[in-house]
Amino acid sequence: MTAVREPAAELDDTPQRSAPPFAVISGRQVQEALRGHEKQVTELVEATYRLHGAGDSVNPPSYFLRFPDRPSARIIALPASIGGQVRVDGLKWISSFPDNVAAGIPRASAVLILNDHDTGYPFACLEASVISATRTAASAALAADVLSRDRTRPTRVGFVGVGLIARYIHTFLAGTGWSFDEIGLHDLSPDSAAGFRGYLEQSDDAARITVHDTAEELIRSSDLIVFATVAGQPHIGDLSWFEHAPLVLHVSLRDLAPEILLASTNIVDDVEHCLKADTSPHLAEQLTGNRDFLQGTLDDVMAGRVTIPPHRPVVFSPFGLGVLDLAVGKYVYDQVLGSGEMHVVDEFFSELRRYG
Ligand SMILES: NC(=O)c1ccc[n+]([C@@H]2O[C@H](COP(=O)([O-])OP(=O)(O)OC[C@H]3O[C@@H](n4cnc5c(N)ncnc54)[C@H](O)[C@@H]3O)[C@@H](O)[C@H]2O)c1
């Protein structure tokens, strides 16, 4: 891609800009840029939540494209803009087709477009299913740390729904210093349970692994619980299962009946985002007619504006913010640029002279 200047325009004082080169970054490059960087990415996600909390971001509601002929599928658009050091705009466009799993490919597929702050030009298209899973896992690991600071640190983790996201969350917990005595797992699919168990056995984790036949058994025997199912509506409603006051990372957002939330301390990533799309917090708002059950955001907890009581269940429901995808995407872009392996599409933008 060549820098472009219109000769006539050089006669006036208008600052000249060139169209940036356009790069394509593959999933393999994304994985190479992120592998082993769990701590750095979790710190980046923390900084991004702080920036978002301080208002240095634009993160409009996600747009859900749904299909009458494929009711379980959706494609979500997450446009966003982030300031601070990252200073980039963009869009994640992510499909969720749950039937893919039975056909042998992952549920989610995605691209992330990065737009230049000054010209608006898109300058990169990145494979983004890995970026999305990574920022989700980093957010979960951060929340596990922040929300357990004033409580006994969990030693027994349990995963309900053990697909790709659960695997990434486990990797990020391990990569940010967590170790557990026990790891429980529960999934409706025996294949998923066996696959996740196999992954755990190959990781360095020395924890005792138990596959639980019921969600009740898993919840009662875990003090950190991760929900990463594809449930569309609540399937967990018995308050007594939570009487040991666990910390719950409710990543799949729709597993818990609103009554569970009403008996818990509730923390979200962004209030407006999370109270939409029939998430459990949205159902709790509809049930009560107010938002009193919400204590605040993770940023509120990090900034000390909200404290977490020790003897109540805590539920973190992260809607998933486009600003996180942008921050992680720009991190990947910078890593790939630094490695000298950037694949630029020559003449991607080719109509650059206003009058030909
Ligand atoms: N909040 C966020 O930011 C965010 C980001 C990414 C993904 N997610 C969510 O994470 C979830 C998991 O994604 P994935 O890619 O791992 O999906 P996946 O299809 O790979 O795995 C989901 C697993 O959940 C199991 N499952 C479904 N219903 C269940 C139930 N009622 N009880 C126990 N197990 C059940 C399935 O058998 C499957 O093994 C999805 O709901 C996705 O939308 C959330």
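First listed ligand is number 1; within each ligand, the first listed atom is number 1. Just so it is clear, the structure is predicted and the values come from calculations on it, not from any experiment.
Inspection of the His244 and Asp223 side chains reveals no N or O donor paired with an N or O acceptor under 3.5 Å.
Within the cation-pi definition used here (under 6.0 Å to the ring centroid, within 45° of the axis), Arg70 qualifies as a partner of Phe67.
From Asp238, atom CG reaches atom CZ of Arg220 across 6.5 Å, with rounding to the nearest 0.5 Å. For the atom pair CZ (Phe180) and CG (Leu200), the distance works out to 11.0 Å, reported to the nearest 0.5 Å.
The pair Glu43-Lys39 fails the salt-bridge criterion, with no side-chain N (NZ, NE, NH1 or NH2) lying under 4.0 Å from an Asp/Glu carboxylate O. Ion pairing between a basic and an acidic side chain is recognised when a charged N comes within 4.0 Å of a carboxylate O; Arg28 and Glu341 show no such pairing.
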For ligand 1, which of its N or O atoms have a protein N or O partner closer than 3.5 Å, and how long is each gap?
from: ligand 1; atom 1: 1 (N); to: Val251; atom 2: O; distance (Å): 3.0
from: ligand 1; atom 1: 1 (N); to: Pro318; atom 2: O; distance (Å): 2.7
from: ligand 1; atom 1: 3 (O); to: Arg135; atom 2: NH1; distance (Å): 3.0
from: ligand 1; atom 1: 13 (O); to: Arg107; atom 2: NE; distance (Å): 3.4
from: ligand 1; atom 1: 13 (O); to: Arg107; atom 2: NH2; distance (Å): 3.2
from: ligand 1; atom 1: 15 (O); to: Arg107; atom 2: NE; distance (Å): 3.0
from: ligand 1; atom 1: 15 (O); to: Arg107; atom 2: NH2; distance (Å): 3.0
from: ligand 1; atom 1: 16 (O); to: Leu164; atom 2: N; distance (Å): 3.1
from: ligand 1; atom 1: 16 (O); to: Ile165; atom 2: N; distance (Å): 2.9
from: ligand 1; atom 1: 17 (O); to: Arg107; atom 2: NE; distance (Å): 3.1
from: ligand 1; atom 1: 20 (O); to: Leu164; atom 2: N; distance (Å): 3.3
from: ligand 1; atom 1: 34 (N); to: Leu188; atom 2: N; distance (Å): 3.4
from: ligand 1; atom 1: 37 (O); to: Asp187; atom 2: OD1; distance (Å): 2.6
from: ligand 1; atom 1: 39 (O); to: Asp187; atom 2: OD1; distance (Å): 3.2
from: ligand 1; atom 1: 39 (O); to: Asp187; atom 2: OD2; distance (Å): 2.8
from: ligand 1; atom 1: 39 (O); to: Ser192; atom 2: OG; distance (Å): 2.7
from: ligand 1; atom 1: 41 (O); to: Thr229; atom 2: O; distance (Å): 2.6
from: ligand 1; atom 1: 43 (O); to: Arg74; atom 2: NH2; distance (Å): 3.2

